[in-house]
Every structure is written in C-alpha cells, then in structure tokens.
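Data first, discussion second: the structure below is written as structure tokens.
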Amino acid sequence: MKFKRVSKMDMDVSALGFGCWGASGQPSWGGHTDADQIKAIETAIDGGINFFDVAPVYGLGYAEEILGKAIQGKREQIYIASKCGLPWDDQKNVRNDVRKDVILKEIDEILKRLGTDYVDLYQVHWPSADGVSIEETMSAMQEVLKSGKARYIGLTNFSVQDAKTAQEYVEIASMQGLYNMIERNPKSYHNIPLQYKVEEEVLPYTQAEGMAFLPYSPLFQGLLSGHFGNDKKFSQGDVRNSNPKLVGDLYQKHYELIHQLKQFAQQIGKPLNQVAINWLIDQKAVTSVIAGVRNADQVIDNLKALEWALKADEIEAINKIVDASGL
Ligand SMILES: NC(=O)c1ccc[n+]([C@@H]2O[C@H](COP(=O)([O-])OP(=O)(O)OC[C@H]3O[C@@H](n4cnc5c(N)ncnc54)[C@H](OP(=O)(O)O)[C@@H]3O)[C@@H](O)[C@H]2O)c1
C-alpha cells in the first residue's frame, strides 16, 4: 500500500480508500448483499486500506451499521470519516440541516451505529441550503471536537471561500468534492449546482494548508471502470439513474470519451479502473481515493493499481484526450 501524509491530521492515510455508500442496504448501487459489503471491507483492511468514508444518510444509518459490524476488533487499524447535516424525519424524508442541535445529536447516533466512541473525521456533508450561519455550524463542530467524539473536522462540497470562513471558528483538516479523471471542475452533481472548483481552487488550497483532499466518485460512479457498454441501463432504484451525465445524449458523449480512454489504457496494457485510480493518486494534493465498491473482487481489482504508477507522458496523453472531448 502507498500512504499519503496529512500534516493537519497527523495521519498516514492509504492512497486507496473505501467509500461506503454502496453499503446502504438499498438497491442504489446494484444487487449486492450485506455479506458482499462486509467481505469487501474485510478484504480492503487485509489489503492495507485504512481510510473509510461513510455518512448517516447512506441507507439512513444502514451503511454505518454495516461498517461497524465489519470492523469489529479492528477499530484501531483504520480511520473512519463520517458526515453530518443531512438528517431525516419519521417518514424518511431527508433534509439539509446544519443547525447546532442537529449536528450534536447526529454524532451520538453515528457512534452508536458504528460501535465506537470516536470518529477520526467528522465532515459537514453540504453547506447550508437555508441560511444557517457557518458560525453556528462550526461552533457545533468545535464542541464535537472538544468532546473527543471526533479527532478532526472536515468539509464536503464547500467552496474555498466558505472553508476560509469556517477556519475562523474551528480547525478544518480536510475537504471533499466531486473529482475524477473526467470531472475536474464540474459545475454540478446530480443536477445540484456545485459552488466549488476542485482543480482550480480546492486542490491548491488544501495542499497549501496541509489538509486532506478526498475525491468522491473517483470512478465516475463506475463509468471509469470501463465496464459500461454504450447502451448501459441501471436497475430501478439505482442512484445513477438520476445522474444526467449517465443517461441519454450526455451519456453517449461520455461513452465516446471512455472508449478513447479505454483504447489508451489498452495501449499501456492496464485496465481503465486502475488508470483512473492512479491518475488521482499521482496528484500530491489528493489524499485517499475513496472508491465505492460492490464486492471483494472489485476491491482486489482496484488494489492492483497500487502495484504501478502512471508516467508523466502518460498523464499528459490522458489529459489531452479529456481536454479534446470538451466535456
Ligand atoms: N461528499 C459527498 O457528497 C459524496 C457524494 C458521493 C459519494 N461520496 C463518497 O464517495 C464514495 C465513492 O463515490 P461513488 O460511490 O459515488 O462512486 P465511485 O467510487 O466513482 O464508483 C463506485 C462504483 O464503481 C464501480 N467499480 C468500482 N470498482 C470497480 C472495479 N474494480 N470493476 C468494476 N467496477 C468497479 C462499481 O460499480 P457497479 O456497482 O456498477 O459495479 C461501484 O459501485 C462514496 O461511497 C461515498 O463515500 C461522497
């Protein structure tokens, strides 16, 4: 395993991490079972992966329970990053809510589900959608930090400007955003406009500050695995049906680009998923590539990326192909 040093977190984080959204117990990511996910997590730990990203909203607590089960007796071997700010009501309607009382309540529920007494990183999932001040949210995060229930505080989907404001109230140790070989400064995620530009703004900022940067959807929700055909259809309930980039005309454009990238991967004799992971790992500012997986085989397959690295001219060639696509 390769590790990345995060000075703000005093941690050596595995360059390949594990995204736990797939453990949500819902059909969101295709037909796999809890046992598949538990085995995937165990395989990841055995393979040297030490960074796990989860959130209460993934299966409304379910993914945290699965992660908690899989890491029994291994808590000290790994880092857990969870999130706050997307609670749900009795009817299971999720809302954006980053008020102080919500954040303080969520951390206790998270720890119970995970079966631990601390998380390594507690991240605000999305900035407030209804005017809750950054000061209020960060005052809650500060309280969680002081209580020892979280070791570090992070932000996901925040702009650099808002991160700088947040820093005035609490030490921010990480940022997370949509970033992969194709989506460099994406304007939207599932039709949600993004207020940040990863490559232009977030990466230089996190690197200068010694923060972690965690790229989410590093495999473009599976598109960069290279396994999708040109008539890819997702099953009912699969979250990717609501990603406009993966359906209709826009999908065809992305598919053409993937076809070219696959040809390039073939030329260098490597599978596209490994190329996509290594393209991220190569970047100094990128910390742990929190790839989502469905089963242990995908973990094993992705771990093979750690056995080699892209050369500078290969990265340049990839960037040229992506730039020429206009996507
Ligand atoms: N902060 C946020 O707002 C936010 C948003 C999204 C995600 N995240 C985090 O980022 C993590 C990862 O992102 P993501 O789940 O959106 O997408 P992703 O990691 O880009 O893609 C995951 C999908 O890639 C496919 N895959 C992975 N390895 C493969 C392999 N070796 N061979 C073939 N296919 C492979 C699987 O697709 P199939 O199911 O088709 O096999 C898997 O479900 C999440 O789990 C979550 O922790 C955070």
Side-chain angles (χ1 to χ4, degrees), residues 16-24 26-32 36-37 40-41 43-44 47 49 51-59 63-64 66-67 80-86 94 96 121 123-127 154-158 174-183 186 188-190 192 194-196 198 202 213-229 232-235 237-243 245-246 258 262 265 270-277 279-280 287-306:
L16 181 63
F18 192 110
C20 294
W21 191 2
S24 60
Q26 295 167 339
S28 348
W29 291 97
H32 59 265
D36 290 334
Q37 276 293 316
I41 294 166
T43 305
I49 290 176
F51 193 86
F52 292 80
D53 182 73
V54 69
V57 75
Y58 299 159
E64 288 175 328
I66 294 287
L67 180 61
I80 300 177
S82 194
K83 311 190 186 82
C84 59
L86 293 178
V94 174
N96 172 303
L121 185 63
Q123 308 160 100
V124 183
H125 208 145
W126 284 89
L155 306 172
T156 103
N157 296 301
F158 270 62
S174 77
M175 291 180 75
Q176 182 177 146
L178 175 61
Y179 189 56
N180 56 54
M181 210 161 81
I182 298 176
E183 296 175 291
S188 63
Y189 173 69
H190 284 246
I192 305 168
L194 297 176
Q195 308 301 330
Y196 57 88
V198 173
V202 182
F213 176 75
L214 306 162
Y216 75 68
S217 301
L219 292 170
F220 204 138
Q221 297 188 329
L223 179 67
L224 278 167
S225 73
H227 288 279
F228 291 6
K232 177 73 181 165
K233 297 268 180 298
F234 300 106
S235 54
D238 192 310
V239 68
R240 292 169 285 193
N241 286 309
S242 67
N243 184 346
K245 298 171 191 171
L246 293 181
I258 289 296
K262 257 170 96 166
K270 300 292 180 193
L272 187 58
N273 66 309
Q274 293 181 32
V275 171
I277 289 169
W279 184 89
L280 286 166
T287 309
S288 197
V289 177
I290 48 170
V293 285
R294 226 204 254 236
N295 53 44
D297 287 347
Q298 290 186 348
V299 175
I300 291 165
D301 195 17
N302 294 344
L303 277 167
K304 288 185 189 141
L306 281 307

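Counting starts at 1 for both ligands and their atoms, following the listed order.
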Heavy atom under 4.0 Å from ligand 1: found in [X]'s side chain, backbone, both, or neither?
X	answer
P218	both
D301	side chain
S217	both
N273	side chain
T156	side chain
Q176	side chain

- Atom pair NE2 (H190) and CD (Q221), whose distance is rounded to the nearest 0.5 Å: 3.5 Å
- How far does CD1 of I258 sit from CG of L272, to the nearest 0.5 angstrom? 5.5 Å
Which pair of heavy atoms, one from [X] and one from [Y], lies closest together, and at what distance?
X	Y	answer
G177	Y196	CA-OH, 3.5 Å
N241	S235	ND2-O, 3.0 Å
F52	L67	CD2-CD1, 3.9 Å
L224	P218	CD1-O, 3.8 Å

- Task: Please determine which of M181, K245, R240 meets the side chain to side chain contact (heavy atoms under 4.5 Å, CB included) test together with F220.
- Result: K245
- Identified side chain to side chain contact (heavy atoms under 4.5 Å, CB included) counterpart of K83 within the set N157, V124, T156: T156
Judged on heavy-atom distance to [atom], which of [options] sits nearest?
atom	options	value
atom 4 (C) of ligand 1	Y216, W21, W126	Y216
atom 37 (O) of ligand 1	R240, K83, E183	R240
atom 29 (C) of ligand 1	Q123, Q298, H125	Q298

With atoms numbered from 1 as shown, which atoms in ligand 1 lie under 4.0 angstrom from a non-hydrogen atom of [X]?
X	value
G19	11 (C), 44 (C), 45 (O), 47 (O)
S225	33 (C), 34 (N), 35 (C)
H227	32 (N), 33 (C)
G222	21 (O), 23 (C), 24 (O), 25 (C)
C20	45 (O), 47 (O)

For [X], is at least one N or O under 3.5 Å away from an N or O on ligand 1?
X	value
N157	yes
K232	no
A291	no
V54	no
G22	no

- Task: Would you check whether Y58 reaches within less than 4.0 Å of ligand 1, judged by its heavy atoms?
- Result: yes
- For Y189, is the nearest heavy atom under 4.0 Å from an atom of ligand 1? yes
Kindly indicate whether the side chain of [X], heavy atoms from C-beta on, has any atom under 4.5 Å from the side chain of [Y].
X	Y	value
I277	Q274	no
L219	N302	yes
I66	V54	no

- Query: W21: what forms a ring-ring contact (aromatic ring centres under 6.0 Å, His included) with it, not counting sequence neighbours?
  - Reply: W29, Y58
- Task: Output yes when a side-chain donor or acceptor of N180 lies under 3.5 Å from a complementary backbone atom of S217, and no otherwise.
- Result: yes
